[in-house]
Amino acid sequence: MTTYIEDTTTYTARPVPPTALKELRSVDDAGRPTVPFVDGEGGAPLRCCLRRSEPGETIALVSYAPLRRWAAETGADPGAYDEQGPVFIHADDCAGPDLDGLPFSKAHRTLRRYSAQGHILGGRLVEPPESFDDAFAEAFADPEVALVHVRAVEYGCFLYEVRRP
């Protein structure tokens, strides 16, 4: 996990968990078999290690349901807010994140807030060089917010999750 500390608050970018990765490397959350491929160009945002892929790495594009998996862990019931979408992962085990700061923060991002029940409480567009820490501080200032999903604006894809510090 990648941790960023601002003042005394710690925000941790949480990649797709290892247990979920193990499952996704076989069958994704839409029930489709995983099909690895060699990334000839590089640059795919990998959700297993929170970095961009390098040319020649073997990766896979899988359907992932982050809120559903979080809800199963916590007992929440997101109802209609449950969704799944495409994410890139390494096709084989990787070492996980090894970064300083928050990943994928040099582009427009949406921070989507969720309650402990898994319901959307709102969101915010963050435009660099605007501060992600300010956006997280704003989100977690609401005591109802249990977690935040960071998503790509251009495709709406899930990038990582940050839970209440």
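Values reported hereafter were calculated over all heavy atoms of this structure, with side chains retained and with hydrogens, waters and symmetry mates removed.
Screening residues 28-51 for ring-ring contact (aromatic ring centres under 6.0 Å, His included) gives no qualifying pairs among residues at least two apart or on separate chains. The stretch residues 63-98 participates, sequence neighbours left out, in these ring-ring contact (aromatic ring centres under 6.0 Å, His included) pairs: Y64-F158, Y81-H119. Residue pairs satisfying the salt bridge (charged side-chain N to carboxylate O under 4.0 Å, His left out) criterion with at least one member in residues 43-54, sequence neighbours excluded, are listed as follows: R51-E57.
Every residue meeting the salt bridge (charged side-chain N to carboxylate O under 4.0 Å, His left out) condition with E154, not counting sequence neighbours, appears here in chain and number order: R109. Qualifying side chain to side chain donor-acceptor pair (under 3.5 Å) partners for S53, counting only residues two or more places apart in sequence or in other chains: D39. With sequence neighbours excluded, the residues forming a side chain to side chain donor-acceptor pair (under 3.5 Å) with D82 are R68, listed by chain and number. Take S115 and apply the side chain to side chain donor-acceptor pair (under 3.5 Å) test, not counting sequence neighbours, and it matches Q117. Evaluation of the salt bridge (charged side-chain N to carboxylate O under 4.0 Å, His left out) rule for D29 yields R69 as partners, not counting sequence neighbours. With sequence neighbours excluded, no residue satisfies salt bridge (charged side-chain N to carboxylate O under 4.0 Å, His left out) with D92.
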Would you mind writing out the side-chain donor-acceptor pairs for residues 146-153 within the sub-3.5 Å range, not counting sequence neighbours?
from: R151; atom 1: NH1; to: G156; atom 2: O; distance (Å): 2.9
from: R151; atom 1: NH2; to: E83; atom 2: OE2; distance (Å): 3.3

Hey, can you pull the donor-acceptor pairs under 3.5 Å for the side chains in residues 136-144, sequence neighbours left out?
from: E138; atom 1: OE1; to: R124; atom 2: NH1; distance (Å): 3.0
from: E138; atom 1: OE2; to: R113; atom 2: NH2; distance (Å): 3.2
from: D142; atom 1: OD1; to: E144; atom 2: N; distance (Å): 2.8

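Taking a 4.5 Å side-chain heavy-atom cut-off between Ile, Leu, Val, Met, Phe, Trp and Tyr, the cluster of Y155 contains only that residue.
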